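Structure first, then comments.
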Amino acid sequence: MIIMKTDATTEEVAEVVKEIKKYGLRADVSKGSYRTVIGLVGDESKVSFEHFATLPGVKEARMVEVPYKLISREYSKQFESEEIERAVVRVGDIEIGGERPVFIAGPCAVEGHEQLLRIAEEAKEAGAHILRGGIFKPRSSVHSFQGLGSIGWEEAREALSWMREAGERFNLATVTEIRGEEQVDLAAEYVDMLQIGTRNMYNQDLLTKVARTGKPILFKRHFGAGIEEFLSFAEYIAAEGNKNIVLCERGILPVGKGKNYTRYTLDLGAVPTIQKETYLPVIVDPSHATGRRDLIFSMSCAAVAAGASGLMIEVHYNPAEALVDAQQAIMPDELREIVDVCREIHRLTRAHGNEKNQGKAGG
Ligand code: PEP
Ligand code: MN
């Protein structure tokens, strides 16, 4: 990381970037309200930081010890005069990481026009801000429904157009999961945010490709990934100059042999822990974490109390008829209750400095 002097000129910044390129590296230029910081992207083992420190306009050049430096608090601290507590990621008109908790709701899979529009309408009435709906579904068995997008390009485009229609009609932003690189450009035409699912967290080519669309990215933790690993892969998105990243905790593999009674283990400790490491907003998906509709309310409350900036919840007007994840979808009236209670919890915990403590201490 190259920290420029507060009065460094544009030319001096350009000189540093030129030097960085000589090493075959890329430069991430972050212009803050205070000063400019330049991150080196690539293998910096041969870089002489002493040399950079002598360039005009440079205050300091040093290594950032964590592998996710571009999204780290340490990095952001250098260019903002006041440490930013939480970056706000805009999705359509919605701000994630801002004053209010954000609710992303919708079916696991888009199954039809009527189904999607009805869920969108009811989710909106219940207080949702963003509509979710899977069109390219990652499934454990090739014999189960893979989402309409897997049938063919016409079907994919049609389902995506329903997402857009539902978003416009009910004033909701939209998000859908991308499963493969060839789906990225098509989906980016229709939705406001692109989701990387748990199984693709490690897919660096896909991360690079979605990042380059410039769209906000909903990045889910792999169910077997440690926190450092999770953030290191989020860094692939940031390294493309796209820092519109929302991190999502969605449960990790359960331990032990006997029955665990939940689909995964919701790691809520990860929420404040990640927030100490990075300024990116973190949301929680209690639906895939628990796999049980009777646990969604309590885990949603707990997630917001832990500092989550929002929730992603699977909702259906008739969960029993959902083709995918029927056992974890909640009804719209249950969503309404969660929205009401979680807003209160968010207000209370913020008023007591939850977010502040998370930003400043530790990390
Ligand atoms: C989803 O959100 O539709 C999904 C498949 O979640 P995950 O990738 O967390 O399993
Ligand atoms: Mn699902």
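Because the structure is predicted, anything quoted here is derived from the model rather than measured. Hydrogens, waters and symmetry mates play no part in the numbers below; they use all other heavy atoms, side chains included. Both counts, for ligands and for their atoms, begin at 1 and track the order of listing.
Residue F219 forms a ring-ring contact (aromatic ring centres under 6.0 Å, His included) with just one option from F230, Y202, Y68, and that option is F230. With E99 as the partner, the salt bridge (charged side-chain N to carboxylate O under 4.0 Å, His left out) test is satisfied by one option alone out of R86, R350, R343: R350.
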Output a table of donor-acceptor pairs, distance under 3.5 Å, between side-chain atoms of residues 47-55 and any protein atom two or more places apart or on a different chain; print 'none' if there are none.
unit_1 : atom_1 : unit_2 : atom_2 : d
S48    : OG     : H51    : N      : 3.0
H51    : NE2    : E19    : OE1    : 2.8
T54    : OG1    : H51    : O      : 2.6

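The aromatic rings of H113 and W162 sit perpendicular to each other, their planes meeting at more than 60°, with 30° as the lower class boundary.
For the residue pair K243/S30, the side-chain donor-acceptor check at 3.5 Å is satisfied. Side chains of R292 and Y261: a donor-acceptor N/O pair is absent below 3.5 angstrom, by distance only. Using a 3.5 Å distance cut-off with no hydrogens or angles, the side chains of D43 and Y23 do not pair a donor with an acceptor.
A cation-pi arrangement is present between R118 and Y317 under the rule of less than 6.0 angstrom and at most 45 degrees off the ring axis.
Residues that satisfy the side-chain hydrogen bond (donor to acceptor under 3.5 Å, both in side chains) test with Q328, not counting sequence neighbours, are R263, H288, E314, D325.
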Measure from every N or O atom of ligand 1 to the protein's N or O atoms and keep only the pairs below 3.5 Å, writing each with atom names and distance to 0.1 Å.
unit_1   : atom_1 : unit_2 : atom_2 : d
ligand 1 : 2 (O)  : R132   : NH1    : 2.8
ligand 1 : 2 (O)  : Q195   : NE2    : 2.9
ligand 1 : 2 (O)  : K220   : NZ     : 2.8
ligand 1 : 3 (O)  : R132   : NH1    : 3.4
ligand 1 : 3 (O)  : R132   : NH2    : 2.8
ligand 1 : 3 (O)  : K137   : NZ     : 2.9
ligand 1 : 6 (O)  : K220   : NZ     : 2.8
ligand 1 : 8 (O)  : T198   : N      : 2.8
ligand 1 : 9 (O)  : K220   : NZ     : 2.9
ligand 1 : 9 (O)  : R250   : NE     : 2.6
ligand 1 : 9 (O)  : R250   : NH2    : 3.4
ligand 1 : 10 (O) : R199   : NH1    : 3.4
ligand 1 : 10 (O) : R250   : NH2    : 2.8

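Closer than 2.8 Å to the Mn ion (ligand 2) sit the protein N, O or S atoms C108 SG, H288 NE2, E314 OE2, D325 OD2.
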